[in-house]
Amino acid sequence: MSSTGSTPPILRGIRAALPPPLLSQILSSRILLVGSGGIGCELLKNLALSGFRHVEVVDLDTIDVSNLNRQFLFRSRHVGMAKCKVASEAALLMVPPGDDADPPVYLPRHGNILDNAKFHVPYLQTFSLVLNALDNIAARRRVNRLCLASGVPLVEAGTAGYLGQVTVIDKNAGVECYECQVKSTQKVYPICTIRSTPSMPVHCVVWAKELYKLCFGGKVEESMLFEDEESLRAEKEGAAVANDKSSEDRKDEAGKTDNEKSTTDASCKSMDSTTNNTQNSDEKSTYMELLHQLRSLLGIESFIAPQSKNENFESTLRLAAQQTLTALFVTEINKQIGMNRYKNAEKVPLPLSLEDLEKCTDTDVIPPTQRRDYQPTQIWSPADCLVEMISCFLQVSNSSTPPLPEFDKDDDMAMRFVTAASNLRSYVFQIEPIQSLYSAKGIAGNIIPAIATTNAIVAGLQVLQAFHILKCQWMQQNGESQDVGSGIKKMCRYTYCLREKTRKGYMLQPTTLPSPNPNCFVCRNAILSLALNTKEWTLEMLLTRVIKKELGFSQPTVLVGGDIVYEEGDDIDPSEYASNLSKKLISLPSGGVGHGTVFRVEDFTQELEVEVSVSHKEEWFITVEDEVAGGKKEVKPDDREESEKFEIGGKKPIVTVSTSTTEDTQVKNDSNAEDNNASTEIMDTNVQKTSTENGGNKEEEAGKDEDGDSDCEIIEAGTINAGPATSNENTSESRMPLKKRRLDWDRENPNGDDAKKAKTAEDAVATNSAEIEIIEIDSD
């Protein structure tokens with residue numbers, strides 16, 4: 001089809017708006033679309049109606065009924081089918097008629113973009129450009145690296161509710177890549193907060209999810225609520241340490257007034273009494289024995305078929321469930337109160353009513369979700385929550401299949417259980433607001449509702465950027481420009497979709513494409529610094545936790561002193577380097593990896609290589625906030641597993657670095673701290689604060705990576721921050737060894753207020769949101 005007389009009516013607007021040669025470029029170009037969910041469906045429709053005739057669509061997902069309200073290429077008859085196949089067929093019907101010698105082809109590729117065998121650099125080099133419509137960080141990172149290695153321009157996009165953004169990534173253009181910028185550091189809630197001192201609904205939801213794991217999981221030891229003699233003994237030792245500290249404090253009494261002395265003495269006596277009570281108690285959990293009995297009745301360890309249970313089984317199960325709930329919400333709470341744990345708290349927890357606990361075994365009481373007037377937005381009373389939890393246990397016992405071992409927000413029983421348990425926890429600790437099942441699901445899944453209109457706007461912006469890229473390519477092919485990169489840098493824009501209008505009334509705010517971060521190891525080959533205990537870490541831990549999970553290498557080759565100590569690949573024998581996996585880093589061949597060692601990691605599937613500078617560090621600390629004591633911060637030894645004790649500093653930070661300079665551990669936020677005594681501060685990602693126009697704060701649930709691909713879009717679990725620039729406006733630069741990029745707003749954007757508003761949108765967009773570690777999440 002020519003770009004003149006035979007142009008279909010639907011394309012005449014494009015022909016009139018764009019240079020005629022560009023329409024020919026559109027008709028002949030090959031486009032790769034990765035993702036066919038919320039943004040993907042809108043993109044396919046736009047591509048088809050704009051005249052693109054050669055498109056390949058990669059997607060691993062199948063269609064769920066929850067997708068139908070905003071992914072408009074799908075119908076109810078398509079549920080269960082591959083998204084890319086249905087979307088490609090629907091879009092193909094929209095392509096305007098053209099030259100029969102060049103029929104349109106919309107080719108679906110149902111697979112994972114992370115698959116090296118199918119999707120690699122030579123494959124991407126067959127396309128004119130790539131459009132991303134993804135819903136997880138790992139895939140975005142993979143496409144970013146493949147496009148950089150292949151030299152193919154990438155149009156990246158993401159949305160979060162009303163907010164969205166679109167940018168262009170091209171290595172030859174000299175602009176930042178997807179991994180150039182740091183994102184907000186995520187929260188790992190201290191175990192003591194979840195177990196003993198909750199103060200927010202999210203704390204109760206996390207506790208309830210751990211209780212689900214304790215009741216229905218494969219191994220009770222994997223739940224943070226698991227207790228054994230060793231953990232209880234550690235709790236006693238902690239009380240003893242507190243008592244020792246109080247004894248030392250009494251030595252300083254000489255200079256105090258009589259009133260001060262009497263106050264201190266009373267406090268110390270109280271602490272001494274608490275410690276003695278704890279030490280004299282037998283090291284026995286209040287609920288673990290009952291919970292094991294309940295798990296045995298439910299057949300969690302060894303599944304019991306419903307038909308093999310006797311007629312008294314239901315009453316036995318109801319009684320066991322009631323006893324377990326009594327232990328959790330009465331006995332354990334009274335134990336904590338007896339230990340004076342809440343003597344400084346604003347509100348002392350109130351154990352559940354024994355009357356409500358007795359009534360929950362009544363077979364005549366109907367659970368709230370089975371009542372005729374039930375709505376997901378209803379608020380349940382404590383009695384309702386207890387009955388609902390009993391019904392969940394009964395449902396598991398009567399099911400022919402065992403329950404899911406891990407919490408899934410889309411599993412009806414799991415969500416009812418977590419809602420009821422978290423609300424009971426909130427009632428006990430007097431935490432408001434109490435959550436409905438609908439709102440609890442939002443917290444449990446770290447989700448934000450998807451808005452189809454935002455997806456449509458962002459998809460339209462992506463196609464406009466694609467026009468610019470194709471024009472640059474055409475100019476280069478016809479000698480009007482020496483290279484495509486300079487044209488992309490000049491023509492393309494980083495565009496924000498805003499929730500509120502700018503001062504001039506605009507809802508879209510374009511800015512020039514930012515320059516690359518010189519410290520980015522992906523596009524600038526910068527040296528990466530890594531701190532860990534080289535005497536405890538093994539090569540296998542390094543590969544699994546850092547090189548693959550954090551840095552995103554797919555088939556890494558590790559070289560120490562120029563010698564290969566580990567290698568992966570299609571032609572590599574796995575047993576060749578297997579003997580090195582269990583070795584400590586310090587004991588590896590070629591002198592090992594110790595303090596000051598620089599080793600090299602290569603991945604030819606992504607044409608990526610990086611040098612890692614190692615610092616040995618044995619002592620680790622975390623800064624926790626004692627919410628019971630009014631938010632006072634306290635530095636404690638880090639009791640996490642060894643595989644969690646590391647810092648990727650300077651270039652790809654994952655934790656805040658604080659320097660311990662005194663015996664009392666004085667905390668300083670110093671981004672340049674390289675002392676081996678540095679301590680880690682766990683930050684918050686469950687609630688991400690973004691600056692609003694009036695200078696206030698707006699709290700939004702983090703972990704929201706929205707591309708319209710799930711019912712409420714989310715991002716996958718993990719810990720590395722990867723994505724276009726985003727940061728927490730309330731987090732000081734000193735917490736970020738990698739400096740947040742700043743555009744020269746006065747020079748680049750005369751309308752400074754509008755630009756600041758765009759910056760706010762950037763910080764909130766889910767494409768850039770941090771990944772979640774403590775709260776498990778999964779995508780549709």
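Predicted model only: the values in this text are computed from it and were never measured. What you see below is based on every heavy atom in this structure, not just the backbone, and it leaves out hydrogens, waters and symmetry mates. Throughout, residue positions are numbered sequentially from 1 according to the sequence presented.
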Subject >> Criterion side chain to side chain contact (heavy atoms under 4.5 Å, CB included) on Leu18 and Ile26, from CA distance to verdict >> reply: CA-CA 11 Å; Leu18 303 176; Ile26 291 172; 4.0 Å; yes

**OP:** Please step through side chain to side chain contact (heavy atoms under 4.5 Å, CB included) for the pair Lys45 and Phe72, ending with a clear verdict.
**Re:** CA-CA 10 Å; Lys45 176 257 297 179; Phe72 302 124; over 6 Å; no

**OP:** Take Leu73 and Met94, measure what side chain to side chain contact (heavy atoms under 4.5 Å, CB included) needs, and give me the verdict at the end.
**Re:** CA-CA 11 Å; Leu73 298 184; Met94 302 180 190; 3.5 Å; yes

**OP:** Before giving the answer on side chain to side chain contact (heavy atoms under 4.5 Å, CB included), spell out for Leu129 and Ser29 the whole-Å C-alpha distance, their side-chain angles and the decisive distance to 0.1 Å.
**Re:** CA-CA 8 Å; Leu129 60 91; Ser29 62; over 6 Å; no

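Across every non-hydrogen atom of Arg524 and Pro518, the tightest pair is CB-O, 3.7 Å. Contact record, Leu68 with Ser76: CD1-CA, 3.7 Å, taken as the closest heavy-atom pair. The two atoms that bring Ala87 and Leu44 nearest to each other are CB-CD1, 3.4 Å, heavy atoms only. Shortest non-hydrogen contact noted between Leu513 and Ile488 is CD1-O, 3.8 Å. Closest of all the heavy-atom pairs between Gly158 and Ile39 is CA-CD1, 4.2 Å. Nearest heavy-atom pair, Gly51 versus Leu11, reported as atom, atom and distance to 0.1 Å: N-CD2, 3.7 Å.
To the nearest 0.5 Å, the span separating SG on Cys520 from OH on Tyr178 amounts to 12.5 Å. Between Leu146 atom CG and Leu154 atom CG the span is 10.0 Å, to the nearest 0.5 Å. Note that the CG atom of Leu470 and the CD atom of Gln465 stand 11.5 Å from one another [nearest 0.5 Å]. Between the CD1 atom in Ile169 and the CD atom in Glu176 there is a gap of 7.5 Å [rounded to 0.5 Å]. In this structure, Ser436 OG and Tyr438 OH are separated by 8.5 Å, a value rounded to the nearest 0.5 Å. Interatomic distance, CZ of Phe521 versus SG of Cys177, reported as 8.5 Å (0.5 Å rounding).
Looking only at side-chain heavy atoms (C-beta outward), Leu437 and Arg416 come within less than 4.5 Å of each other. Contact of the Phe52 side chain with the Asn46 side chain is not registered, since no non-hydrogen atoms from C-beta on lie closer than 4.5 Å. Contact check for Leu32 versus Val152: no side-chain heavy atoms found under the 4.5 Å cut-off. Put simply, the side chain of His203 does not reach to within 4.5 Å of the side chain of Phe429, judged on heavy atoms. When side chains are defined from C-beta on, Ile469 counts as touching Cys492, because their heavy atoms get closer than 4.5 Å. Side-chain contact between Tyr162 and Ile457 is absent, with no heavy atoms from C-beta onward closer than 4.5 Å. Contact annotation: the side chain of Asp410 approaches that of Lys441 to within less than 4.5 Å [non-hydrogen atoms, C-beta and beyond]. When side chains are defined from C-beta on, Gln25 does not count as touching Ser128, because their heavy atoms never get closer than 4.5 Å.
Ser439 and Gln435 form a side-chain donor-acceptor contact under 3.5 Å, judged by distance and modelled atom types alone.
Residues forming a side chain to side chain donor-acceptor pair (under 3.5 Å) with Asn144 (at least two apart in sequence, or on another chain): Glu179. For His78, the side-chain contact (heavy atoms from CB on, under 4.5 Å) partners at least two apart in sequence or on another chain are Ile63, Phe74, Arg75, Met81, Val86.
Below 30°, between 30° and 60°, or above 60°: for Tyr374 and Trp380 the angle between ring planes is between 30° and 60°, a tilted geometry.
Checking side-chain atoms of Asn132 against main-chain N and O of Leu134 turns up no donor-acceptor pair under 3.5 Å. Counting only distance, with no hydrogens or angles, the side chain of Gln462 and the backbone of Val155 share a donor-acceptor pair below 3.5 Å. Of the possible donor and acceptor atoms, none in the side chain of Ser50 sits under 3.5 Å from a partner among the backbone N and O of Leu47. Judged purely by atom type and a 3.5 angstrom limit, Thr511 uses its side chain to pair as donor or acceptor with the backbone of Tyr494. Side-chain atoms of Asp59 come within 3.5 Å of backbone N or O of Ser36 as a donor-acceptor pair. Under a 3.5 Å cut-off, the side chain of Thr454 and the backbone N or O of Gly161 do form a donor-acceptor pair. Proximity of a side-chain donor or acceptor of Lys471 to a complementary backbone N or O of Leu22 within less than 3.5 Å is not detected. Looking only at distances, a side-chain donor or acceptor of Arg145 sits under 3.5 Å from a matching main-chain atom of Gly552.
Other residues, nucleotides and ligands place more than 12 heavy atoms under 6.0 Å from the NZ atom of Lys489.
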